[in-house]
2 protein chains.
Amino acid sequence: MAKRPADPADDGAAAVRQVPMRDFSRSLPMSLLRAREAVMRQFRPSLREHGLTEQQWRILRALAAIDTVEVTELARTAFLLGPSLSRILRDLEARSLIERKTAKADQRRSMVSISEKGVKLMASVAPSSEAIYAEITRRFGARKLVELQEMLGELEQSLAGLGAGEEASAEE
Amino acid sequence: MAKRPADPADDGAAAVRQVPMRDFSRSLPMSLLRAREAVMRQFRPSLREHGLTEQQWRILRALAAIDTVEVTELARTAFLLGPSLSRILRDLEARSLIERKTAKADQRRSMVSISEKGVKLMASVAPSSEAIYAEITRRFGARKLVELQEMLGELEQSLAGLGAGEEASAEE
DNA sequence: CGAATATACTTAACATGTTAAGTTAATGCG
DNA sequence: CGCATTAACTTAACATGTTAAGTATATTCG
């Protein structure tokens, strides 16, 4: 209701005083940001104690499940952009948590896998991580959690292929 | 190879082979991250055309609604950490999009407000921004959107005061 | 075969996230 | 008043997000 046009023509003066747009703190991006932050705030301390960042942990988890993957595929799985992943892999490799070797068939591709050390590190973090997840589930409610995730998935689907610029329609 | 183990004691079989941990791509943090990214992907191009980042836009919106605020309060409103805000305000001030002046009562505080130029910039971005929001709402469904935001709010509430370290209980 | 393209990454550059330390201005209190 | 403490920011340092270039290897196709 009442979308609040943000009326540009409405002469600057008053525009600034009253509700300029949708209260803003109630916008979808903010809601998602705050919810995610509330969740991550629970995990960060534990990860930090083990010398891992959120993204590094994502990568290790993805690797543990897939065994061996190309960088591009890993980027998709861990939901990281190429450049970020590239840097992180360099660091994880330096710390011997992962291993990398170029594919024989295609010299451009490098196959990544978690190392023994990496597996051990994961094993030491997992319990705490699982406990936190369980506590979150308990507090919010298992059923609602499933429901929430379904809605998030639907939202994602709704917007799939909207701003990705499927070429052949943009002015650039 | 066979990266499986991650599981010292329990060779309990199924545990590790089937679901390494909760498929991971279906974890709550990932769901939230992907949903938010799907949404922000829609806005970024427009903001970018106007030379604004997501955070800068958040700050301008917050300022437009509040008129004048202290930095700390603004950080809470725009949901930004102090250091990030500090840097961004420096840049926005250099671009004359905001104004800053130290409070008379307390020299430590600096009061921030949006400038005329900032208001005009907002007016030029708002239409496009509103249109995008409307399209998202249309695609996902207005009712479901409200429902989703309520759940996100509840999630946030559920976790309020959990890992924040309310002192007097932590070991540090 | 060989130049133009496309792929798979990596670098670079700039902005923010995140935590810790530093600065300057209030406050509390003996 | 004078010093310790607190408060409000700002800087610093390191990691990631984001977009644009750069590199090296594959592929296409004339």
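Computed from heavy atoms alone, side chains included, the values below leave out hydrogens, waters and symmetry copies. Naming: A, B, ... by sequence-line order, numbering from 1 per chain.
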Length of the line joining [X]:[atom1] and [N]:[atom2], which is rounded to integer Å:
X: L97(B); N: dA15(C); atom1: CG; atom2: P; result: 14 Å
X: W57(A); N: dG17(C); atom1: CH2; atom2: C1'; result: 21 Å
X: D91(A); N: dT11(C); atom1: CG; atom2: C1'; result: 14 Å
X: L89(B); N: dC9(D); atom1: CG; atom2: C1'; result: 11 Å
X: E93(A); N: dC9(C); atom1: CD; atom2: C1'; result: 13 Å
X: I88(A); N: dG17(C); atom1: CD1; atom2: P; result: 16 Å
X: L81(A); N: dA12(C); atom1: CG; atom2: P; result: 18 Å
X: E49(A); N: dT19(C); atom1: CD; atom2: C1'; result: 15 Å

Response to the item:
L80(B) has its side chain closest, among dT16(D), dT18(C), dG17(C), to dG17(C)
Discussion item. The side chain of V71(A) is closest to which nucleotide in this list: dC9(C), dT16(D), dC9(D)?
Written reply: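 Closest of the options to the side chain of V71(A): dC9(C).
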Would you say [X] places a side-chain N or O within less than 4.0 Å of OP1 or OP2 belonging to [N]?
X: T72(B); N: dC9(D); answer: yes
X: Q55(A); N: dG17(C); answer: no
X: S84(B); N: dA15(C); answer: no
X: Q107(B); N: dC9(D); answer: no
X: S86(A); N: dT10(C); answer: yes
X: R100(B); N: dT10(D); answer: yes

Worksheet item: With sugar-phosphate meaning primed atoms plus P, OP1 and OP2, does L85(B) contact a base, only sugar-phosphate, or nothing at under 4.0 Å between heavy atoms?
Response: nothing
Below 3.5 Å, does any donor atom in the side chain of [X] face an acceptor in the base of [N], or the other way round?
X: R108(B); N: dT24(C); answer: no
X: R44(B); N: dG17(D); answer: no
X: R109(B); N: dA8(D); answer: no

Practice prompt. Select from S110(A) and R87(A) the residue whose nearest nucleotide in DNA chain C is closer to the 5' end of that strand.
Written response: S110(A)
Worksheet item: Thinking salt bridges, do R139(A) and E135(A) make one under a 4.0 Å N-O criterion?
Response: yes
Worksheet item: Just wondering, are more than 12 heavy atoms of other shown residues or ligands nearer than 6.0 Å to NZ in K144(A)?
Response: yes
Practice prompt. Any chance you could measure S31(A), atom OG, to L148(B), atom CG, to the nearest 0.5 Å?
Written response: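 CG of L148(B) is found 7.5 Å from OG of S31(A).
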Item to complete: Would you sort out whether F43(B) and W57(B) count as a side-chain contact (heavy atoms from CB on, under 4.5 Å), showing the intermediate values?
Response: CA-CA 10 Å; F43(B) 291 98; W57(B) 175 238; 5.9 Å; no
Worksheet item: Per the side chain to side chain contact (heavy atoms under 4.5 Å, CB included) rule, which among V119(B), I114(B), T77(B) passes with L63(B)?
Response: I114(B)
Worksheet, complete the sentence: Judged by nearest nucleotide, the residue sitting upstream toward the 5' end of DNA chain D, D106(B) or R90(B), is D106(B)
Practice prompt. Step by step, work out the side-chain contact (heavy atoms from CB on, under 4.5 Å) result for L159(A) and R41(B).
Written response: CA-CA 9 Å; L159(A) 308 184; R41(B) 201 198 314 284; over 6 Å; no
